[in-house]
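In what follows, a structure is listed as structure tokens, so that the remarks can point back to it.
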Amino acid sequence: MGTSSSASTPERRAAAILAVVERIPRGRVTTYGSVAARAGLPRQARLVGKVLASLPPRSGVPWQRVVAAGGRIAFPEGSPSRTRQVRLLRAEGIDAARGRVDLKRHGWGAPDGGDLDRWLWSREGE
DNA sequence: GGCGTGACTATAC
DNA sequence: GGTATAGCCACGC
């Protein structure tokens with residue numbers, strides 16, 4: 001096509017990122033880096049943050065389900081955003097009161113309702 | 001078109 | 001557990 005073709009524009013990348021975030025099931029969380037990877041944008045975790053930051057209030061996008069590496073809440077303690085995120089997560093059954101979420105239990109891809117220990121043991125030889 | 005910015009991440013101490 | 005430091009990379013001015 002014409003120029004160095006804009007097969008991928010910033011807007012398109014943002015759309016890809018939001019599409020992934022919207023697919024995170026209720027009661028689950030994932031990380032910035034994972035969202036980026038799933039959106040086909042490896043190493044662009046920061047872009048994910050930027051896109052979410054530009055989200056208007058009440059967008060309907062479950063931004064609260066995106067956390068930093070290791071399940072950490074990205075916002076500084078005491079910040080309004082942090083308080084908001086913790087409240088939203090709590091509303092869907094996720095405890096983030098201590099500033100982090102247990103990815104083993106609530107990470108996207110973790111076992112559903114089953115017994116965690118059993119699930120962990122079942123992958124012992126991988 | 002260079003340069004600062006950031007809701008990131010990994011590593012080291 | 002925490003702080004420091006250094007890569008990372010698209011975006012926007």
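Letters go in sequence order (proteins before strands), and every chain restarts at 1. Note that this is a predicted model, so its numbers are computed, not measured. Just so you know, these numbers use all the heavy atoms, side chains as well, and skip hydrogens, waters and symmetry mates.
The cationic atom of R38(A) (NZ for Lys, CZ for Arg) lies less than 6.0 Å from the six-membered ring centre of W108(A) and within 45° of the ring axis.
For the side chain to side chain donor-acceptor pair (under 3.5 Å) criterion with Q64(A), the lone passing option out of Q85(A), R87(A), R90(A), E92(A) is E92(A).
Note: CG (L41(A)) to P (dC8(C)) measures 17 Å, nearest angstrom. Look at CG on L52(A): it is 17 Å from P on dA10(C), rounded to the nearest Å. The distance between atom CZ of R43(A) and atom P of dA10(B), rounded to the nearest whole Å, is 12 Å. Look at CD1 on I73(A): it is 12 Å from P on dC8(B), rounded to the nearest Å. Taking atom CZ of F75(A) as the reference point, atom C1' of dG6(B) lies 12 Å away to the nearest angstrom. What separates CZ of R100(A) from P of dG2(C) is a distance of 10 Å, to the nearest Å. If you take CG of L47(A) and C1' of dT5(B), they are 13 Å apart, rounded to a whole angstrom. Atom P of nucleotide dA7(B) and atom CZ of R65(A) are separated by 22 Å, given to the nearest angstrom.
If you check dG7(C), dA7(B), dT9(B) against the side chain of A74(A), the one that comes closest is dA7(B). Taking the side chain of K50(A) as heavy atoms from C-beta on, and the options dA7(B), dT5(B), dC8(C), the nearest nucleotide is dT5(B). Of the listed nucleotides (dT9(B), dG6(B), dA7(B)), dG6(B) has the atom at the smallest distance from the side chain of R46(A). Of the candidates dA7(B), dG7(C), dA10(B), the closest approach to any side-chain atom of W63(A) belongs to dA7(B).
Between R13(A) and the phosphate of dC11(C), there is a side-chain N or O to OP1/OP2 separation shorter than 4.0 Å. The side chain of Q44(A) places an N or O atom within less than 4.0 Å of a non-bridging phosphate oxygen (OP1 or OP2) of dA10(C).
Between the side chains of R65(A) and T30(A), no donor N or O sits under 3.5 Å from an acceptor N or O.
Legend: residues meeting side-chain contact (heavy atoms from CB on, under 4.5 Å) with R100(A), ordered by chain and number and at least two apart, are absent.
Here CD1 of I17(A) is found 11.0 Å from CG of L55(A). Values are rounded to the nearest 0.5 Å.
Among the protein residues, A53(A) comes within range of the nucleic acid bases, having at least one heavy atom under 4.0 Å from a base atom.
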